[in-house]
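Computed from a prediction, not measured in an experiment: that's the story for all the values here.
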Amino acid sequence: MTQIPDTSALKGVLGLARDIERAGRDMGLPYIAVSADISDPAPMIGPDGKPLAETVFRWLNPDVEYWKDRSFALRASLIQVFRVCAEPFYFHQGRLGSWRDVRALDEVNAHLDPQDYAGHGIGGAIAAPIHSPLGAIGAIVWATGDAALDVPAIFTARAAELHLLSLKFISAYRDAVQAHAPSESVEFTRREIQCLKWAAAGKTDAEIATIMSVSVPTIRFHMTNASRKLGVSGRSQTIRLATNLGYIGPA
């Protein structure tokens with residue numbers, strides 16, 4: 001995420017960060033980790049330019065500065081779960097759970113090693129992943145080192161509130177630092193949609209040209225126009241963003 005901070009907007013984000021910290025203390029889950037984009041090593045910052053992880057939030061182990069560790073997103077167990085689950089969930093007594101039976105969590109539980117969490121000092125946690133239409137995954141984790149805390153009961157009582165707070169916080173932060181986003185008025189022609197759908201299905205320009213009975217340069221013209229309208233470059237980025245925004249179905 002390219003950071004071009006809007007300082008005035010970040011002041012509002014700071015207020016939301018304090019709400020998140022206060023909620024954690026109220027619940028007995030005072031240790032908080034935040035990320036606006038788990039693929040981006042840049043930490044979330046406040047209007048003073050300092051990481052919120054150093055000014056507002058604290059983590060279980062003060063020696064673990066996850067926001068400075070560029071490989072953390074590739075190793076941390078909770079972050080792996082964010083990639084497969086888009087709704088709030090909790091960790092308690094060696095298992096993940098949510099408000100319903102979530103298939104992705106069931107699959108993670110089948111291979112879960114509770115020591116991965118214990119090794120980070122996590123006795124229990126509530127997590128709220130936030131999936132952006134543009135493909136970024138953000139998240140907030142409220143944690144405790146107390147394995148006896150009744151995290152499922154807290155989750156039942158407050159998960160909806162925490163999810164909404166997370167959505168407001170991460171969305172406001174993205175608006176404050178994001179360089180640009182595709183126009184809401186993007187309109188594709190029928191030919192552009194056809195090209196995108198076949199490209200998403202793995203067809204080459206030559207194969208699409210044969211299917212649509214047009215020339216290869218015509219296909220490339222339509223694909224280039226689609227990329228320009230979305231504000232991205234390259235075939236893969238165009239297909240990914242068009243899929244994420246609901247212009248074409250998954251391949």
Side-chain angles (χ1 to χ4, degrees), residues 1-3 9 12-13 16-17 19-20 23-24 29 32-45 52-53 57 66-67 70-91 96-109 111-112 125-143 155 158-184 186 196 200 230-232 234 236-251:
M1 181 182 296
T2 301
Q3 293 196 351
V13 172
L16 290 168
D19 290 341
I20 288 167
L29 297 162
I32 299 167
V34 299
S35 175
D37 183 349
I38 62 173
S39 72
D40 189 344
M44 297 183 74
I45 59 174
L52 293 172
F57 306 123
Y66 65 87
W67 60 96
R70 293 176 180 268
S71 66
F72 188 80
L74 300 177
R75 296 185 288 102
S77 300
L78 272 177
I79 291 181
Q80 302 297 348
V81 183
F82 298 152
R83 295 189 171 100
V84 297
C85 183
E87 51 196 290
F89 62 90
Y90 62 83
F91 172 72
L96 302 173
S98 187
W99 62 276
R100 65 181 181 91
D101 289 332
V102 179
R103 182 183 304 171
L105 297 182
D106 290 341
E107 293 176 356
V108 172
N109 279 328
H111 304 92
L112 181 64
I126 293 176
I130 302 298
H131 288 235
S132 163
L134 301 182
I137 301 173
I140 299 178
V141 178
W142 289 265
F155 182 87
R158 304 194 64 170
E161 169 200 344
L162 298 178
H163 188 229
L164 179 57
L165 184 55
S166 301
L167 179 61
K168 290 170 65 177
F169 173 63
I170 291 177
S171 297
Y173 185 81
R174 287 171 177 163
D175 281 349
V177 303
Q178 205 162 11
H180 69 278
S183 168
E184 294 180 0
V186 171
L196 288 168
L230 289 172
V232 296
S236 60
Q237 288 192 57
T238 302
I239 294 169
R240 178 186 63 80
L241 190 52
T243 301
N244 288 345
L245 295 176
Y247 289 107
I248 58 176

- Message: The test is side-chain contact (heavy atoms from CB on, under 4.5 Å); show your working for Phe89 and Val102 and say whether it passes.
- Response: CA-CA 9 Å; Phe89 62 90; Val102 179; over 6 Å; no
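Note: Tyr90 OH to Leu105 CG = 9.5 Å, rounded to the nearest 0.5 Å. For the atom pair CG of Asp40 and OG of Ser35, the computed distance is 7.5 Å after rounding to the nearest 0.5 Å. To the nearest 0.5 Å, the span separating CG on Leu78 from CD on Gln80 amounts to 10.0 Å. Atom-to-atom distance recorded for Ile170:CD1 and Ile140:CD1 is 4.5 Å, nearest 0.5 angstrom. Atom CZ in Phe91 sits 13.0 Å away from atom CD1 in Ile126 (nearest 0.5 Å). To the nearest 0.5 angstrom, Leu167 atom CG is 10.5 Å from Ser132 atom OG.
Under the rule for a side chain to side chain contact (heavy atoms under 4.5 Å, CB included), the partners of Ala17 that lie at least two apart in sequence or sit in another chain are Leu52, Val56, Phe57, Phe169.
Side chain of Trp142 to main chain of Ile20: a donor-acceptor pair is present (N/O by atom type, distance under 3.5 Å, no hydrogens or angles). Side chain of Tyr247 to backbone of Ile239: no donor-acceptor contact under 3.5 angstrom is found. In this structure a side-chain-to-backbone donor-acceptor pair under 3.5 Å is missing from His131 to Glu87. The backbone N or O of Pro88 lies less than 3.5 Å from a partner atom in the side chain of Ser98, making a donor-acceptor pair.
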